Amino acid sequence: MASIAVDEPGTTVLLMGNEAVARGAIEAGIGVAAAYPGSPTSEVLPTVAGVAKEMNIHAEWSVNEKVSAEVAGAASFSGIRSLCIMKQNGANVAADFIVNANMTGIGEAGMVIFISDDPGGMTSNNEEDSRTITKWFDNPLLEASNAQEAKDMVKWAYEVSEAVNLIVFVRGVTRLSYTKGNVVLGELPKEKEKKAYFPDLWDMYNPTKSKFTSGPFPIFHKPLHEKLERAREIFETSTFNRYVGPEHPEVLIITCGACTSYSIEAVEELKAGDRVGVLKLGTTWPLPEKLVSKHLATTTKVFFVEEMDPFVERSVMELAASLLPATSELTFYGKRSGHLTPYNEQSTNLVINALMDILGMSYQPRDLTYDQEAREAVTLVPNRPINMCAGCPHRATFWAIKRALKLDGRNGLVTGDIGCYSMGFAGPGFFQSRTMHAMGSGAGVASGLGSLKQFGFDQPVLALTGDSTFYHAVMPALVNGVYNNSNFILLILDNSATAMTGFQPHPGTGQLATGDPAAVVDMDAICRAMGAHVEVCDPFDLEDTTETLLRMMKEDSGARVIIMRHMCQLVKVKRKISAKYKMHVDPELCLGDACGCDRLCTRIFGCPGLMWDAKAGKAAIDEALCVGCGLCHDICPAGAIIREEAI
Amino acid sequence: MSNNGKGSKALLEEVINQGLCTGCGACVTACPYMVAYGGRIVVLDKCTIEEGDCYKHCPRTYTDMNAVSERVFGVPYSDEEVGHASDIFMARSTDTGIKERAQDGGTVTTLLALALDAGTIDAVVCTKMDEDKVARGYVARSREELLECAGSSYEASFVLEAYRAIPKESTEKLAVVGLGCEVEALSKIKTYTPKNSPNPEHIRLTVGLICGWALRPDIFHPYLRELCDPSQAVKFDIPHTPHYTFDVYTKKETKSVSLDDIRPYINPACQYCWDMTAEFADISLGSAGSKFPGWNTVIIRTDAGADLMEAAREKGILETQALPEQRLAHLKTVALNRKKTALKNITEKTGSKKDLLYVGGLSKGIADKLLKA
């Protein structure tokens, strides 16, 4: 489509889930959108930012999820509808603000948080189910099952938010965010002018609409629960809750989100439409209890199909317990019964398997030999383990780290963090990273390790962070390290991009979410101002980087910083910075398996631009992948990888 | 026990992690994974090569003494205390320029300078101390470069790293100067031709240095820095009995410390050393002791060693005299005691008189004699 803001109501367009969310918010007339990049939601904010000017929207990449929620909250306080976007981990970062915003309310204009979970952890280091956290936040929660619903639901969420004066969460999963579907467009807001004004403190007896401070707590907490009850009432009649199936199904599937399609497909595949009904819930917290009770009364078997935690399952079982003895004949199937797992992604096949057991059916879609043949076919596909790109500066950094730690000889270790360099725990980073948790945890854990000297801890500690992660959550940990005189070195892998999530700009890049220029927040100066000894290396100078690491490790006191500065290879491509070198392997110099190196280049160094020519028994350059960074020239012990200046 | 079929993992487990590494440098640069740094061998990555030169050439992996002796001397391993020897005497240089720089008699430098001048060799693989007195392997290609290497560092220098670093295709005629362990490694290199180093046929002369023990650089240098500014040191010396000191000569003064203060920095691997006199060299040299200051003891082992010595005598750049019987007897006693101590320490470590670690291929007679004693 031409633009996400095309004004053609009724037209059907093909949108990715994340784009549909953006369209829904635009149709709702938002004035502010704020996010920190996090897959699987990273495309929402750029989609809004792309039309920010024409739609009069302030779209920003915030420094982290908490700040993004605060930026969005401030808009709502001032009468401007706002959208905040985050992945599941983001809810943990933003939690403190959200919990308190629920106590204060958000003002006249609605605020919606689109949050997308990652079953299977395809782009995450956990499988956190954000629905549970929204439940303990006390926020209304909607779950979209396809792109159309994502758009419509986000738009409707503003009405709910304004009706109950609470932030409303719309939850997706990776399959929603990244799946394209037909979306019938709605109307765009007629009025693009918006006026932001923080309400006057005019009524001393009822300041709640002009004063967003929480406390005294019991007084504020009671209305919060009343608001949730109001949300429940609204949800009872929501058209996002739908039932398909016989009047008295033998099995009632209760499902939500992406699992809706799996459930419907499974029933169709088993031709069990006359025996199984599907109740699809779009509003999963608070549970529309009247609606669910009505359906529970139509069956004796209930099967819950949802991603990750048994969230709806527990809510419904809790409801059923409250309805005893009317519900005493019910049998429940789902995660608790072991028919599905509370981990990894669900699929139509998994639902079919569970249904076969519940219905006592058998189902054989293909010949029995198919499975065996498929397994054999898989062996024909070359193994492709995770890897960093050809020319990735992180590979150079990890190479220098590995060498420096070995040479130093005190069993030094690396605390890892979140970004492309997370791969440092595996082969691409030569297995150097030894911890990996939240954004900024590398520096925080390092600060802790560096404080264990009195217990005999004398291993050098290197903490990793990327440039974007540095601004997000590492700065407090570095301050902590300097303040508490902790002994560690923070390595900032500054590749000029938030590369892992798709090259979003950040405070160090000099660019805004809209592409407009921005002030560069100087990380070198920040670190120096914090009191750290700071050095800057180009990791492609392996010798200098290794030497600097060794020298800094010898200092052995206080929090120090080395900035590993080299632009991400993909950013170079985007900026049309051409290759520095033309690489080739001299077959005379390459000793092949006769070399004592034991295929150092392809076995250990592992740049995808290098390959082993099995026929010739020599290393070779994969010209399709090599980007001419020249690094492999420095690691070949035989000097057989030749780099020539590219013309 | 066989020395086939093992690589860097076994070297790490059986030698380096066992405190047996002598710091000879034979494994370094054989591949990109073995690096000498800060006075120790670092294994950078796992290597999957099953039969590595690093393991094969290490002087502390199983060594078939007979096979090596056959390769070097053409005869089985000698049961003499000082190894295979054709002549033993004393010598000293007449070159005052060399004597000024030399540790004792200047014989080593004089012989090698002659060999370089005569074109018998093109280069000398030896040990050179840097500004901070860290000793590393070095290739001297002229008399001037050779003179810079005179004097003893008393520490392991990974000297064979310098040989390994010479391009494989080089045809330079080489001399190598080393301690017993280093010469032993070199003789294994000669016996089991390396993959990626110059053909050992080009090693025309091996000069062995008689050695009591060597300091381990990674632990000795911090101590040295406490003692003095290493860049100001000009010579280290252990004066002979009745003195019991380690002397550091700086440009201004001499710092003298008790040998007991130095002993903690001796490479623990030296307690397992069997070879005081560098038995697989062409010619071995050492100090001749307190009664003959400024003289070297010389052990001629091969024709190459004898020929060079003869040429030096003819040129009048070396003077020689017979080694007194008593002195020879003392040399043999000390060398024999070294073997006994080594075997005692080795068998204590292995817990078996049948497992002598690297000391292999001994005739039953020699082993029994030493083990019983």
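Proteins come first, then strands; the chains are lettered A, B, ... in the order of their sequence lines, and each starts at number 1. Side chains included, hydrogens not; waters and symmetry mates left out as well; all remaining heavy atoms used. In this text, all values refer to a predicted model and were calculated from it rather than measured experimentally.
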Engineer: Any heavy-atom pair between the side chains of B:Y37 and A:D408 that's under 4.5 Å?
Structural biologist: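 No. Closest side-chain heavy atoms not under 4.5 Å.
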Engineer: Can you tell which part of A:L405 gets under 4.5 Å to a heavy atom of chain B, answering side chain, backbone, both or neither?
Structural biologist: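 Contact with chain B: none, neither part.
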Engineer: So does B:K195 have more than 12 non-hydrogen atoms from other groups sitting under 6.0 Å from NZ?
Structural biologist: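 It does: B:K195 NZ has more than 12 such atoms within range.
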Engineer: Could you list which of residues 38-46 of chain B have a heavy atom closer than 4.5 Å to any heavy atom of chain A, in residue-number order?
Structural biologist: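 Checking residues 38-46 of chain B against chain A gives B:R40, B:V42, B:V43, B:L44, B:D45, B:K46.
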Engineer: Measure A:I604 against the heavy atoms of chain B and call it side chain, backbone, both or neither at under 4.5 Å.
Structural biologist: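 The side chain, not the backbone.
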Engineer: Test of understanding: with ring pair (Phe, Tyr, Trp, His ring centres under 6.0 Å), list the residues that count as partners of A:F425, not counting sequence neighbours.
Structural biologist: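 A:F425 satisfies ring pair (Phe, Tyr, Trp, His ring centres under 6.0 Å) with no residue once adjacent residues are dropped.
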Engineer: With no hydrogens and no angle check, is any side-chain donor or acceptor of A:D598 less than 3.5 Å from a backbone partner on B:T48?
Structural biologist: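 Yes; at least one donor-acceptor contact below 3.5 Å.
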Engineer: Rounded at 0.5 Å granularity, tell me how far CG in A:L600 sits from OH in B:Y33.
Structural biologist: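 It is 4.0 Å, given to the nearest 0.5 Å.
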Engineer: Between A:R403, A:R603, A:R599, which shows the greatest number of heavy-atom pairs under 4.5 Å with chain B?
Structural biologist: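 Heavy-atom pair counts peak at A:R603.
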Engineer: In terms of heavy-atom proximity below 4.5 Å to chain B, should A:I635 be classed as side chain, backbone, both, or neither?
Structural biologist: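 Looking at A:I635, nothing touches chain B.
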Engineer: Tell me whether B:K9 at atom NZ has more than 12 heavy atoms from other residues, nucleotides or ligands lying less than 6.0 Å away.
Structural biologist: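 It does not: B:K9 NZ has 12 such atoms or fewer within range.
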Engineer: Just wondering, do B:P32 and A:C597 contact through their side chains at under 4.5 Å, heavy atoms?
Structural biologist: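 Yes, side chains in contact.
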Engineer: Above 12 or not: heavy atoms from other molecules or residues under 6.0 Å from CZ of A:R434?
Structural biologist: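 It does not: A:R434 CZ has 12 such atoms or fewer within range.
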Engineer: By a 4.5 Å heavy-atom criterion (distance strictly below it), what part of B:D53 contacts chain A: side chain, backbone, both, or neither?
Structural biologist: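 Neither; nothing under 4.5 Å.
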